Amino acid sequence: MGLRFSRLGSVAAAGVLAFALAACSGGGAGSGGGAPEAGGATQAPEDLLVGVSMPTQTSERWIADGNSVKEQLEAAGYKVELQYANDDIPTQSQQVDQMITQGADLLVIAAIDGTALSSQLQAAKDSNIPVISYDRLIRDSPNVDFYVTFDNFQVGVAQADALLTGLGLKNKDGSAGTATGPFNIELFAGSLDDNNAFFFFNGAMSVLQPLIDSGQLVVKSGQTSIEQAAILRWQQETAQKRMEDLLTGAYNDGSKVNGVLSPYDGLSRGIITALQNAGYGGAGNPIPVVTGQDAEIASVKLINDGVQSSTIFKDTRLLAEQAVVAAKAYLGGTQPEANDTETYDNGVKVVPSYLLPIVTVYKDDIQKELIDSEYWTAEEVASGQAG
Ligand code: BGC
């Protein structure tokens, strides 16, 4: 089916310029910058190139995200350039630069540092290339057209609820549990250059702060600010080290940690390793309640084995699908439909967003949410390994 660039075509002069620039740069699979063909002729999907920039392959979710976006775009006929940046900011900047040079007609970007891509986005804007911010909001730039993500504040709320449920202060249905506490907890947050880290932490603290204030929850280390709790680049080893330091610092008097708020499964595994190395999980010394996010297979196994308490499942297949819906809209000359036009202010503008719902997974939910939905197989859950 031919596609007509009515929206992009309306800025004909810029489009012609972009077309000329792309031609000068050696072109590529795409026409360059979503530019309309001369005379507003239509373009087939196979003449259009989508650049997909993902942060890292060290976490399963981004590999799954990248693959799903690529597969779904290719199924719709588009050409796709998919790159992973190894959690290195200059690498991601270079990769995005290169996609623009190659003549990308649209960019889908999950940023490592949400503020580090401004000059690339300006170049995209100058070439009339729509930019979709994927899962992580790109900040401090007017040149972000759309944002697809999950309800990130709700992720934090759900993590805090799961912590309280694990401690017995709440039941799964939200009603009050039988436990009364007080309980010792510690707080972890994500990378401060990732806008999501703030949404997760703020969502969690909206639930936990009143209980900290009333003394039912005690953060024994006293480290309650996001800056103190943050783990740069979401690194598992850094989380393990911080947990070790907390144990040798705040818990060297024989007191026990009862729960840990962890925003991501990779961090949770580092935290659990530190706890186990300190003797937790042995006889008479239960492993604390540890939360998570992403339903990574190694953590799903830990949940199945009763070691990690919960995770938040975000079905990346659905996120990829939304990114593709938005991409098709732009490439077809229309605007994608947002379901949130208030929450995501990137410092320059409120970016129209499409938010997807999230699911809390405890051991009892693995079958229904992860296996029946074909996210993981029963064998993968049992082995803790994908594939
Ligand atoms: C994502 C999480 C992920 C984290 C670490 C966040 O931006 O929303 O799903 O756990 O990055 O990769």
Side-chain angles (χ1 to χ4, degrees), residues 53-69 84-89 92 108-117 132-139 144 147-159 162 188-204 226 229-239 260-271 290-300 302-303 308 310-320 322-323 343-344 346 351 353-361 370 375:
S53 171
M54 291 282 148
T56 178
Q57 279 171 302
T58 57
S59 157
E60 275 153 18
R61 76 148 290 187
W62 299 115
I63 299 174
D65 283 283
N67 289 341
S68 298
V69 174
Y84 290 90
N86 212 8
D87 260 343
D88 182 54
I89 297 165
Q92 185 162 44
V108 177
I109 303 174
I112 298 164
D113 177 330
T115 62
L117 291 168
I132 297 172
S133 192
Y134 187 92
D135 194 64
R136 297 174 172 175
L137 183 63
I138 297 176
R139 292 191 53 85
V144 185
Y147 181 35
V148 291
T149 190
F150 293 87
D151 188 336
N152 295 309
F153 189 85
Q154 197 51 40
V155 169
V157 169
Q159 287 170 334
F188 281 70
S191 196
L192 293 180
D193 52 10
D194 179 347
N195 194 56
N196 285 351
F198 294 86
F199 276 80
F200 302 153
F201 195 76
N202 292 341
I226 189 168
I231 300 294
L232 183 66
R233 299 281 130 72
W234 305 88
Q235 291 289 313
Q236 177 168 339
E237 302 72 26
T238 314
V260 182
L261 174 80
S262 168
Y264 157 54
D265 285 345
L267 304 192
S268 313
R269 293 196 297 277
I271 291 162
V290 180
T291 62
Q293 175 173 200
D294 288 346
E296 291 201 338
I297 193 59
S299 292
V300 175
L302 290 176
I303 294 170
Q308 185 171 320
S310 62
T311 190
I312 306 299
F313 174 45
K314 306 195 300 192
D315 193 333
T316 52
R317 296 168 299 191
L318 301 182
L319 186 61
Q322 273 316 312
T343 309
Y344 288 98
N346 80 345
V351 183
S353 309
Y354 195 95
L355 309 191
L356 288 160
I358 52 126
V359 181
T360 306
V361 173
L370 301 177
Y375 199 74

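Here the structure is a predicted model, which is why all the values come from computation and not from measurement. As the structure lists them, so they are numbered: ligands from 1, and atoms in each ligand from 1.
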Nearest 0.5 Å please: distance from the CZ atom of Arg136 over to the CG atom of Asn152. 10.5 Å
Which value, rounded to the nearest 0.5 Å, describes the distance between Thr56 atom OG1 and Trp62 atom CH2? 10.0 Å
Suppose we measure from atom 1 (C) of ligand 1 to each protein heavy atom; which comes out shortest, and what is that distance? Asp135 OD2, 3.2 Å
Looking only at protein heavy atoms, what sits closest to atom 10 (O) of ligand 1 is Asp294 OD2, 2.6 Å
Going by atom types alone, do Tyr264 and Glu296 pair a side-chain donor with an acceptor below 3.5 Å? yes
Just checking, is any N or O donor in the side chain of Ser53 or Tyr134 under 3.5 Å from an acceptor N or O on the other one? no
Donor-acceptor pair, distance only, cut-off 3.5 Å: does the side chain of Gln293 make one with the backbone of Ile312? no
Validation row: Asp265, Arg61 side chains within 4.5 angstrom (heavy atoms): no
Check each heavy atom of Asn152 against ligand 1 and say whether those closer than 4.0 Å belong to the side chain, the backbone, both or neither. neither
Heavy-atom distances under 4.0 Å decide this one: backbone, side chain, both or neither, for Trp62 against ligand 1? side chain
Using the rule side chain to side chain donor-acceptor pair (under 3.5 Å), only one of Ser310, Ser299, Ser268 pairs with Ser262; which is it? Ser268
Can you list the ligand 1 atoms lying under 4.0 Å from a non-hydrogen atom of [X]?
X: Tyr264; result: 10 (O)
X: Gln293; result: 9 (O)
X: Arg136; result: 4 (C), 5 (C), 6 (C), 7 (O), 11 (O), 12 (O)
X: Arg61; result: 1 (C), 2 (C), 8 (O), 9 (O)
X: Phe200; result: 8 (O)
X: Lys314; result: 1 (C), 2 (C), 8 (O), 9 (O)
X: Asp194; result: 6 (C), 7 (O), 11 (O)

Aromatic ring proximity Phe199/Tyr344, centre distance under 6.0 Å: yes
